[in-house]
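Position 1 is the first residue of the sequence, and the numbers go up from there. Read the numbers this way: they start at 1 and go in the same order the structure lists the ligands and their atoms. Worth knowing before you read on, the calculation uses all heavy atoms, side chains too, and leaves out hydrogens, waters and symmetry mates.
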Amino acid sequence: MKNKIIAGNWKMNKNRAETESFFAELLPLVADTRNTVILCVPFTDLCKAVKSAQGTNIHIGAQNCHWKESGAFTGEIAPSMLVETGVEYVIVGHSERRTYFGETDATVLARTKAALNAGLKPIVCIGETLQERQSGKTEEVLKRQVTEGFADISAEELGRTVVAYEPVWAIGTGVTATDEQANDAIKYVRSVFAEKYGKAVADKLFILYGGSMNDGNAANLLAMSDVDGGLIGGASLVPQKFAAIVHSHR
Ligand code: PEP
């Protein structure tokens with residue numbers, strides 16, 4: 001059985017001092033876990049987070065990267081800049097980026113490819129909106145996001161990639177997908193990957209669930225057969241809550 005990946009997404013929260021105290025509290029709480037623990041923090045907190053996590057079992061991620069290595073892209077960060085900072089992971093295509101910043105499957109693919117080329121491990125987010133689910137389009141949307149968002153990703157590259165299924169209607173809303181909804185959607189996503197890359201590659205792929213996961217619902221979600229971990233927003237801001245999620249799968 002795979003261990004789980006428990007990844008936190010702080011979004012636009014916490015300054016450097018808060019980052020330092022968060023890690024001081026979290027480290028002893030999760031030191032003995034067998035799960036992989038990742039914290040994706042704002043750009044300005046990365047140096048502090050990397051330093052705090054040095055020599056521990058915690059991995060640090062950013063929340064976005066650009067597809068070019070340098071140039072006239074005001075406000076963007078190149079993958080190599082993240083690598084230089086000691087970052088290992090990067091979230092790509094989060095629904096908030098797709099909704100508020102015009103991210104498309106094509107730009108998600110470009111960012112994923114650039115992250116991989118730089119040696120980062122992308123955490124690529126996919127998921128349907130409430131309207132898409134209610135109109136019976138969940139599988140169609142997920143298939144499109146996988147087909148177009150991973151168009152020229154090789155099997156070797158997919159092996160260095162994590163996928164997060166995050167139904168948009170569950171993110172930050174307090175409405176969690178049921179255990180079965182999460183598992184069914186992830187199983188479907190895995191079958192789409194299997195069509196292209198084969199079953200062995202798809203089975204090895206880590207596909208996380210994200211959307212209002214917390215210390216109360218994590219154990220049941222993580223117990224589902226296809227749920228390989230969680231991407232956690234709000235509940236990753238509090239060390240005790242995040243640690244409880246990490247320990248809800250042993
Ligand atoms: C997220 O930001 O990826 C997320 C799942 O947020 P929340 O846990 O707050 O719903």
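Judged by the 6.0 Å and 45° rule, R190 forms no cation-pi pair with F193. Geometric assessment of K14 against the ring of F22 yields a negative cation-pi assignment under the 6.0 Å and 45° thresholds.
In terms of protein heavy atoms, atom 3 (O) of ligand 1 is closest to E166 OE2, 2.7 Å. Closest to atom 8 (O) of ligand 1 among all protein heavy atoms lies G233 N, 2.8 Å. In terms of protein heavy atoms, atom 9 (O) of ligand 1 is closest to G234 N, 2.9 Å. Among protein heavy atoms, the minimum distance from atom 1 (C) of ligand 1 is reached at H94 NE2, 3.2 Å.
Every atom of ligand 1 with a heavy atom of S212 under 4.0 Å away is listed here by number and element: 7 (P), 8 (O), 10 (O). The ligand atoms of ligand 1 that sit less than 4.0 angstrom from a heavy atom of G211 are 5 (C), 10 (O). Close approach of ligand 1 to A170 is summarised as follows: ligand atoms under 4.0 Å from at least one heavy atom of the residue are 10 (O). Of all atoms in ligand 1, numbered sequentially from 1 with element shown, those under 4.0 Å from a heavy atom of L231 are 3 (O), 5 (C).
When only interatomic distances are considered, the shortest N/O to N/O separation between I171 and ligand 1 does not fall below 3.5 Å. Residue E96 has no nitrogen or oxygen atom sitting less than 3.5 Å from a nitrogen or oxygen atom of ligand 1, judged on distance alone. Ligand 1 has no nitrogen or oxygen under 3.5 angstrom from a nitrogen or oxygen of T173.
The closest approach between G174 and ligand 1 stays at or above 4.0 Å for every heavy atom of the residue.
Note on ring orientation: taking the six-membered ring where Trp is involved, the planes of H59 and Y89 are perpendicular (angle over 60°, cut-offs 30° and 60°).
Closest to atom 10 (O) of ligand 1 by heavy atom, among G172, A235, G210, is G172.
For NZ of K137, the number of neighbouring non-hydrogen atoms (other residues, nucleotides, ligands) closer than 6.0 Å is 12 at most.
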_For a ring-ring contact (aromatic ring centres under 6.0 Å, His included) check, start with the C-alpha distance between F150 and Y197, then their side-chain angles and the critical distance, and finish with the verdict._
CA-CA 11 Å; F150 291 81; Y197 298 96; 7.7 Å; no
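Judged by distance alone, the side chains of E76 and W67 never bring a donor and an acceptor atom under 3.5 Å apart. Between the side chains of E132 and T129, at least one donor N or O sits under 3.5 Å from an acceptor N or O. In the model, N3 has no side-chain atom that pairs as donor or acceptor with a side-chain atom of T36 under 3.5 Å.
Using a cutoff of 4.0 Å between basic side-chain nitrogens and carboxylate oxygens, K143 and E195 are scored as salt-bridged.
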